[in-house]
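Notes to accompany the following structure.
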2 protein chains.
Amino acid sequence: MARAVETPRSEDKLTRQREAVLQVIRAREDHPTANEIFQAARLNLPTISYATVYNSLRFLKEAGLVHEIKFGDGASRYDRETDRHDHAICNECGKLVDFDLPQTAELMQAAARKSKFKAASVHLTLKGVCPDCRAT
Amino acid sequence: MARAVETPRSEDKLTRQREAVLQVIRAREDHPTANEIFQAARLNLPTISYATVYNSLRFLKEAGLVHEIKFGDGASRYDRETDRHDHAICNECGKLVDFDLPQTAELMQAAARKSKFKAASVHLTLKGVCPDCRAT
DNA sequence: AATAAATTTAGACTAATTCTAAACTACTAG
DNA sequence: CTAGTAGTTTAGAATTAGTCTAAATTTATT
């Protein structure tokens with residue numbers, strides 16, 4: 001009897017290069033830029049190209065495996081996709097830190113009511129001074 | 001008797017081109033990009049250059065007269081500086097709308113506690129579907 | 001009027017990202 | 001296996017947003 005046709009899952013299309021990009025992001029505590037990811041991925045897969053890093057990032061975003069963060073100045077940064085969370089940015093050293101505000105369900109409702117949008121997500125950005133910079 | 005020396009205020013340095021840029025931003029309900037501002041400013045001041053638009057935007061930002069919004073895709077957008085407010089972005093048509101969440105003092109405290117940052121500001125971004133797109 | 005200081009201009013430059021077209025790989029049917 | 005085709009990767013060109021530079025212009029100061 002023939003094996004049942006399996007529903008393809010996003011992992012099925014994880015090529016070597018997409019895998020490499022994903023590994024880089026998962027291995028890091030910080031939020032690397034596309035360029036940093038490219039540099040790191042080349043260590044494992046020396047022929048990978050810049051365009052492929054971008055293609056892979058798009059693929060991984062769409063598959064919900066990584067998350068793109070765009071702010072302020074310069075390049076996008078990428079996050080391994082964990083739970084919903086918020087970001088704090090240090091006005092002095094530029095450091096970007098994750099945190100999570102628990103009451104987001106209510107926040108989302110309140111924001112939806114005020115904006116008249118149907119809310120899909122809410123995200124909070126705090127700007128301020130990080131603990132390290134406060135110490136100095 | 002000589003007139004007292006006046007403390008210079010930011011308006012003192014409002015040159016013709018900075019004024020023109022500011023007028024464009026104030027006259028619009030939406031959130032134009034630098035390029036849109038450039039196009040519009042040229043109608044009043046045909047010799048204004050692209051670089052001057054950027055210089056003026058920097059000046060006006062520093063003077064607290066306009067506010068820069070950077071998200072998602074593409075170019076920065078500019079807002080006339082009103083009160084603190086939040087932004088909703090439509091996932092379907094890309095429209096960007098202002099709204100204000102009242103309880104931001106508490107939010108800022110909560111976020112500061114969670115992130116361990118000294119908070120200077122918080123900003124909420126809602127993604128979802130705008131009323132127009134819901135209607136269709 | 002002469003000098004200095006600040007601002008504007010046009011265009012060159014840079015950085016981030018996307019596009020393009022050719023080469024490569026994997027899968028599908030005969 | 002073998003041709004066909006669909007999807008992916010590659011390198012480099014192209015595009016976009018924004019900054020930089022140096023000369024020209026304007027404004028303010030003596």
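Lettering of chains follows the sequences in order, A, B, ..., and the numbering in each one begins at 1.
- For B:Arg77 and D:dT16, the CZ to C1' distance is 14 Å, given to the nearest whole Å.
- Taking side-chain N and O atoms only, A:Tyr54 has no distance below 4.0 Å to OP1 or OP2 of C:dT18.
- If B:Arg16 and B:Arg58 are placed on DNA chain D by their nearest nucleotide, the residue sitting closer to the 5' end is B:Arg58.
- Rounded to a whole Å, the CD atom of B:Glu68 is 11 Å from the C1' atom of D:dA17.
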**OP:** Assess whether side chain to side chain donor-acceptor pair (under 3.5 Å) is satisfied between B:Ser76 and B:Glu68, documenting all intermediate values.
**Re:** CA-CA 7 Å; B:Ser76 279; B:Glu68 182 178 12; 2.8 Å; yes
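- Exactly one of B:His87, B:His85, B:His67 qualifies for a ring pair (Phe, Tyr, Trp, His ring centres under 6.0 Å) with B:His123. That residue is B:His87.
- Note: CZ (A:Phe59) to P (C:dT18) measures 17 Å, nearest angstrom.
- The CG atom of A:Asn55 sits 19 Å away from the P atom of C:dA23 (whole-angstrom rounding).
- Listed nucleotides: D:dT9, C:dT7, D:dG18. Nearest to the side chain of A:Arg18: D:dT9.
- Rounded to whole Å, the distance from CG on B:Leu60 to P on C:dT8 is 10 Å.
- In this entry the distance linking OH of B:Tyr50 with P of D:dT19 reads 10 Å, nearest Å.
- Of all the residues in residues 21-48 of chain A, A:Thr47, A:Ile48 reach under 4.0 Å from DNA chain D with at least one non-hydrogen atom.
- For A:Gln17 and D:dT10, the shortest distance from a side-chain N or O to OP1 or OP2 is below 4.0 Å.
- By the neighbour-count criterion of 12 heavy atoms within 6.0 Å, atom NZ of B:Lys95 is densely surrounded, having more than that number from other residues, nucleotides or ligands.
- With D:dG18, C:dT17, C:dT8 as the candidates, the nucleotide lying closest to the side chain of A:Ser76 is C:dT17.
- Side-chain nitrogen and oxygen atoms of B:Thr52 include at least one within less than 4.0 Å of the OP1 or OP2 phosphate oxygen of C:dT9.
- Annotation: side chain to side chain contact (heavy atoms under 4.5 Å, CB included) contacts of A:Arg16 (sequence neighbours excluded): A:Leu45.
- A:Arg18 contributes no side-chain N or O that, together with a main-chain N or O of A:Asn55, makes up a donor-acceptor pair within less than 3.5 Å.
- Residues satisfying the side-chain hydrogen bond (donor to acceptor under 3.5 Å, both in side chains) criterion with A:His31, sequence neighbours excluded, are A:Asp79, A:Asp98.
- For B:Ala75, the listed nucleotide lying nearest its side chain is D:dG18; candidates were D:dG18, D:dT8, D:dG12.
- The OH atom of B:Tyr78 sits 10 Å away from the C1' atom of D:dA17 (whole-angstrom rounding).
- Side-chain atoms of A:Arg84 come within 3.5 Å of backbone atoms of A:Val122 as a donor-acceptor pair (strictly under, hydrogens ignored).
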